[in-house]
Amino acid sequence: MLERYDHAAVESQAQDFWRRSRAFRVSEDSSRPKYYCLSMFPYPSGRLHMGHVRNYTIGDVITRFMRMQGYNVLQPMGWDAFGLPAENAAMKNNVPPAQWTYENIEYMKRQLAALGPMIDWEREVATCSPEYYRWNQWLFLRMLEKGVAYKKTGVVNWDPVDQTVLANEQVIDGRGWRTGALVEKREIPMYYLRITNYAQDLLDGLQELPGWPERVRTMQANWIGRSEGVRIAFPYELDGERAALNVFTTRADTLFGVTFCAVAAEHPLASRAARSNPQLAAFIEECKQGAAMEAELATMEKKGMPTGLCVTHPLSGEQIPVWVGNYVLMAYGEGAVMGVPGHDERDFGFARKYGLPIRFVIARAKGAPPPGEEGDEAARQEWRAEFGEYGVCVHSGKYDGLEYQAAVDAIAADLAAKKLGEKQLQWRLRDWGISRQRYWGCPIPIIHCPHCGDVPTPDEDLPVLLPEGLVPDGSGNPLNKTPSFYECKCPKCGGDARRETDTMDTFVDSSWYFMRFASPDNHAAMVDQRVNYWMPVDQYIGGIEHAILHLLYARFWTRFMHDLGLVEAREPFANLLTQGMVLNDIYSRKDGQGRVEYFNPADVQVQFDAKGNRIGATLKSDGLPVDWEGMRTMSKSKNNGVDPTELIERYGADSVRLFMMFKAPPEDTLEWSEDGVEGAARFVRRVWRMVYEHIAGGGVREAAGAPLSAAPLSDAQRAMRRVAHATLVKVTDDIGRRRVFNTAIAAVMELMNALSKFNDATPLGRAVAHEALELIVQMLAPITPHVCHALWKELGHDDALIDRAWPKPDPQALVQDALEIVVQVNGKLRGRVTVPADAEEAQVREAALADGQVQKWVEGKPVRKVIVVKDKLVNIVV
RNA sequence: GCCGGUGUGGCGGAACUGGUAGACGCGCCGGACUCAAAAUCCGGUUCUGGCGACAGAGUGUGGGUUCGAUUCCCUCCACCGGCACCA
């Protein structure tokens, strides 16, 4: 009787072995090439979800594969442990966030370990530990010294639910990224990091990241948002004072089409005009209110009001009225625009509404007859450029006839000569505000002294420890009510002072954790020389949702550390894999009152018709129908989550891992299916059974002994060997180069199918089967490491599979002496012929024409052309 | 609106460089084993016509290039993602 496959026993034995032999421990080793494989570290929310399982499985497969390829592979793990959910949980359960967080870490670590990942746990870090966050503080002080960090009072995005400030990156459609609450505008003093200093560099760097998905690079480039244009000054005189209104434009060529200027409601000129104009003041107030919801801006009606002020056109000398416009953003460019209603859709809408003149100054083509201002609409449509379209200047004085670039250059040069403008670069990217009015985060190491102002905490006083025992009550930051924290002495004058109670945005924590993994035990420095052994990360894996925020911040932070000489790398992540989401079915039922109840897909039975079409679904418990709402990411609210631990207990980690890797390519969304996991488990059992059936045949060692490349094999045996080695070639390429695991697994399944049909009990036949089984076990090792660990031993090996090198295909086994050639007639498949592998083209051609099936189609028609594709096909054109 | 992506059986997906469309798996159908069920094994499964050998059609739509197109080019449609009064 064969030993039954018991996944729990197999997995705990393998994991015990790895633990005892410290198989996952890595250190710097200059004799081998290094490989740093990193999955985005999780927030310790309480339990692992399937997204984590997918993420860490992908990472582990790559890690184990690269290790077998001979690399010195580092795969560390840590915890992104600061953040709001801990505070919310604290309020709900009346436990300090620290306790909640550490308990979660402990639980999730056990869950994760059950998956069997090759993680060097000796490097584990949690961002909430003082040993980690002291270096946030230390680097922040360096940033202050370099002027990269600074304090500014400004309008910020305020999340009324979380009671904190959000970075621009954290506002999505005018709502907080976490709470979904409508964001308000508030004026608050905050610390900012000058990420804009690195805007050009961050943009240029994207060019050097061929290992990143195109999509992510585009998203970052758009976010950085470089635009080239001209700053133009419109001079004016007010209360006897001479000044100028600056605007930024990418279309300086339309300068002669300007019929008004518009400034943002927050613009100083607007406030100044409002002082003597209550109506305008009221309008400005209204704009400021409305501006909170940036998403609505786009669809909002253009509104404006004249300031009564006029400015002078810098080239024509014409008087131009200045308006306040609700569509002008204070935060971009100069907070003011020149209005060219003839060639800008927004300006056009504005001008139409308020009866401002419209001028067309760009023609579609050179030589187009520019009709006069009074020209009829139809004629005008003919020649004038559309909104935003490039063309040739007309009605623009000496610039007439110039095309876009020439016009911009000429106008910019003339403006520069008059000191009324210059070419300018404009960025969409803004500085990163990091102050958060929250408790559970890294304290900002600043002391406010009534005499000396804002004084940095001296390095020797770091870390500024966050008290861990506090429980927030929902009324603001508890640090503000903890004198033992905020009461302190000024490091400069020694007088009573108050410690800053804001903490840092948690994106600071995750901006450099990957470097700390290189030297987690260094208590004297943020990083040391070991960082240059491991960095950059060779393969980074995580969700697409971090395409902008985390990845941009981490790139910025790494650059700053590079500039300080702390690390050689400038780009942190050489290759990036953004894994797709994990979806599951959503089943619901509406009750009489229209309330919706959701049912977990595990409790639902799906009905099929005789052809396998899905025709309905019922709840297992009552047999009554439920509605299918499609598939979406797993969530509590839709009750479609799957608990990883339960799953591992039922099917085993290997089957879960196999399913995750087989069901879809890593970048695609993955549709969860219980049947699919069962299929994966079935396959694992099948491998197990096949190995045991083979061993039961006895004589394992002898069978494996002789070199098969030289043995006198039968045709069937040679064919079997060829399939096995061809599969190895494909799997190596799929995992190593293409990073697609589903096709690699499919190839191994095909090999299994071939092997189960092979049935050859002769000594040589058994040797061939033995070799194939060894290859199968080795190829599956990165994906289903536990079962392979066990089977490797059963196949007669004393060494551990994890220390084994990846197998190499035998070139002898890959040789074919006959090939099957496909024959087409007029591009349609009509037959197949077998020819010797070294057959000449003419020989192949003849064999194709001679084939009986092919003859039928060619008969009686003149052969016009024969195309022979080497080793593949012949196409006969008649 | 702009940018990017995707569209293939009942389902997830494969076909990497223009060369056998649907690998592999799930589901479904039939069979073996069983008192029965589970497990396992074997066979079938794109659609249409035909008992059948076979024939025709077929990769969102319409066109083009080619001996040959899921793959390249153009048009349109649908869906997904990102950005969005960015001047």
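Quick note on labels: first sequence line is chain A, next is B, and so on, each numbered from 1.
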Indicate every side-chain donor-acceptor pair of residues 339-347 of chain A with a distance under 3.5 Å to a residue at least two apart or in another chain.
| unit_1 | atom_1 | unit_2 | atom_2 | d |
| --- | --- | --- | --- | --- |
| A:His343 | NE2 | A:Val361 | N | 2.9 |
| A:His343 | NE2 | A:Ile362 | N | 3.1 |
| A:Asp344 | OD1 | A:Arg346 | N | 2.9 |
| A:Asp344 | OD1 | A:Arg346 | NE | 3.2 |
| A:Asp344 | OD1 | A:Asp347 | N | 3.0 |
| A:Asp344 | OD2 | A:Arg346 | NH2 | 2.6 |
| A:Asp347 | OD1 | A:Tyr327 | OH | 2.8 |
| A:Asp347 | OD2 | A:Val340 | N | 2.8 |

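- For the pair A:Arg738 and B:A15, the criterion of a side-chain N or O lying under 4.0 Å from OP1 or OP2 is met.
- Both tests pass for A:Arg830 against the ring of A:Trp857: distance under 6.0 Å to the centre and angle within 45° of the axis.
- Regarding contacts with the backbone of B:A14, a side-chain N or O of A:Asn742 is found under 4.0 angstrom from either OP1 or OP2.
- A side-chain N or O of A:Tyr332 and one of A:Ser227 form a donor-acceptor pair less than 3.5 Å apart.
- With hydrogens and angles left out, the side chain of A:Arg614 and the base of B:C11 share no donor-acceptor pair within 3.5 Å.
- With no hydrogens or angles considered, a side-chain donor-acceptor pair links A:Trp628 and A:Asp585 at under 3.5 Å.
- A:Arg251 has no carboxylate O lying under 4.0 Å from a charged side-chain N of A:Glu389, or vice versa, which leaves the two without a salt bridge.
- Listed candidates were B:C24, B:C16, B:C85. Nearest to the side chain of A:Tyr327 is B:C85.
- Here A:Val328 lies in heavy-atom contact (under 4.0 Å) with a base.
- At a cut-off of 3.5 Å, with distance as the only test, a side-chain donor of A:Glu667 or A:Thr578 sits close to an acceptor on the other residue.
- Residue contacts for A:Phe248: at a heavy-atom cut-off of 4.0 Å it reaches a base atom on one of the strands shown.
- Within the 4.0 angstrom heavy-atom criterion, only backbone atoms of the sugar-phosphate kind lie near A:Thr743; the bases stay farther away.
- Toward the 5′ end of RNA chain B lies the nearest nucleotide of A:Arg737, the other residue of the pair A:Arg737 and A:Ala746 mapping further downstream.
- Here the CD atom belonging to A:Glu693 is positioned 10.5 Å from the CZ atom belonging to A:Arg686, to the nearest 0.5 angstrom.
- A:Asn246 places its CG atom 17 Å from the C1' atom of B:C86, with the value rounded to the nearest Å.
- Counting only N and O atoms by type, the side chains of A:Gln607 and A:Thr618 include a donor and acceptor under 3.5 Å apart.
- Spacing between atom CE of A:Met219 and atom P of B:G5 amounts to 14 Å, rounded to whole angstrom units.
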Between the protein and nucleotides 65-73 of chain B, are there any N/O to N/O pairs under 3.5 Å, and if so, what are the atom names and distances?
| unit_1 | atom_1 | unit_2 | atom_2 | d |
| --- | --- | --- | --- | --- |
| B:C67 | O2 | A:Asn875 | ND2 | 2.5 |

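- Shown here for A:Arg428 and A:Asn222, the closest heavy-atom pair between the two residues is NE-O, 3.5 Å.
- Side chain of A:Lys663, nearest nucleotide from B:C83, B:G12, B:U20: B:G12.
- You'll find that the side chain of A:Met749 is closest to B:C24, out of B:U20, B:A87, B:C24.
- Computed from coordinates, the A:Asp733 CG to B:A14 C1' distance equals 15 Å when rounded to whole Å.
- Among all heavy-atom pairs drawn from A:Val263 and A:Ala336, the shortest one is CG1-CB, 3.8 Å.
- As judged by a 4.0 angstrom heavy-atom cut-off over every strand, A:Gly679 is placed among residues touching the sugar-phosphate backbone only.
- Just one of A:Tyr651, A:Phe683, A:Trp688 meets the ring-ring contact (aromatic ring centres under 6.0 Å, His included) condition when paired with A:Tyr5; it is A:Trp688.
- In the model, A:Gln220 has a side-chain atom that pairs as donor or acceptor with a side-chain atom of A:Arg555 under 3.5 Å.
- Distance from the side chain of A:Glu750 is smallest to B:C24 among B:C28, B:C24, B:C26.
- The separation between A:Gln220 atom CD and B:G82 atom P is 15 Å, rounded to whole Å.
- When distances are taken from the side chain of A:Arg428 to each of B:A84, B:U20, B:C3, the shortest belongs to B:A84.
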Hey, mind stepping through A:Phe741 and A:Phe662 against ring-ring contact (aromatic ring centres under 6.0 Å, His included) and telling me if it holds?
CA-CA 6 Å; A:Phe741 312 100; A:Phe662 177 62; over 10 Å; no
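- Pairing analysis of RNA chain B (Watson-Crick: purine N1 to pyrimidine N3 plus N6-O4 or O6-N4; G-U wobble: N1-O2 and O6-N3; both under 3.5 Å) yields stems of 3 or more pairs at B:1-7 with B:77-83, B:10-12 with B:24-26, B:27-32 with B:40-45, B:46-49 with B:54-57, B:62-64 with B:72-74.
- Listed nucleotides B:C86, B:C3, B:C24 differ in distance to A:Asn753; the shortest reach to its side chain belongs to B:C24.
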Sequence-aligned protein contact record of nucleotides 37-43 of chain B, with B where the base is within under 4.0 Å of a protein heavy atom and S where only the sugar-phosphate is:
--SSS--
Protein and nucleotides 45-56 of chain B: nitrogen or oxygen contacts under 3.5 angstrom:
| unit_1 | atom_1 | unit_2 | atom_2 | d |
| --- | --- | --- | --- | --- |
| B:G56 | OP2 | A:Arg830 | NH1 | 3.3 |

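- Listed in residue order, the members of residues 340-351 of chain A having a heavy atom less than 4.0 Å from RNA chain B are A:Arg346.
- More than 90° away from 0 lies the glycosidic angle of B:G12, which makes this nucleotide anti.
- The residue A:Lys870 sits apart from the nucleic acid: no heavy atom pair falls under 4.0 Å.
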